[in-house]
Amino acid sequence: MNSITKTILLCMTLSVFFALFQLLLKGENLRKNEKSKLGKESSETFQVTLREETESIPHFVSRFKQRSFELWHKSDKLKMEIKY
């Protein structure tokens, strides 16, 4: 092989390598952006249900059940991940 052929093959190999490297970096950035969006959505929509001192226990239980059902109903939209 002459030097022109070797140079062309080297340039082609490097261009493919850099293209794949750019795709890898772009994929990492997209993954980080998705995680930050999911984190923001879940922290904004999820509210802790606490019992106030003056609230009766049966009233708190009914409010807690209602809130739990709403979260369960919206769970597909929240895309919450359960880790074991």
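Note that the numbering runs from 1 along the sequence shown for the chain.
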The reported gap from OG in S3 to CD1 in I8 (rounded to nearest 0.5 angstrom) is 9.5 Å
Not counting sequence neighbours, which residues clear side chain to side chain donor-acceptor pair (under 3.5 Å) with T5? List them please.
-> N2
Atom pairs and distances, side-chain donor-acceptor, residues 13-26, under 3.5 Å, sequence neighbours left out:
unit_1: T13; atom_1: OG1; unit_2: L9; atom_2: O; d: 2.8
unit_1: S15; atom_1: OG; unit_2: C11; atom_2: O; d: 3.3
unit_1: S15; atom_1: OG; unit_2: M12; atom_2: O; d: 2.8

Atom pair OG/CZ of S62 and R67 - distance to nearest 0.5 Å = 14.5 Å
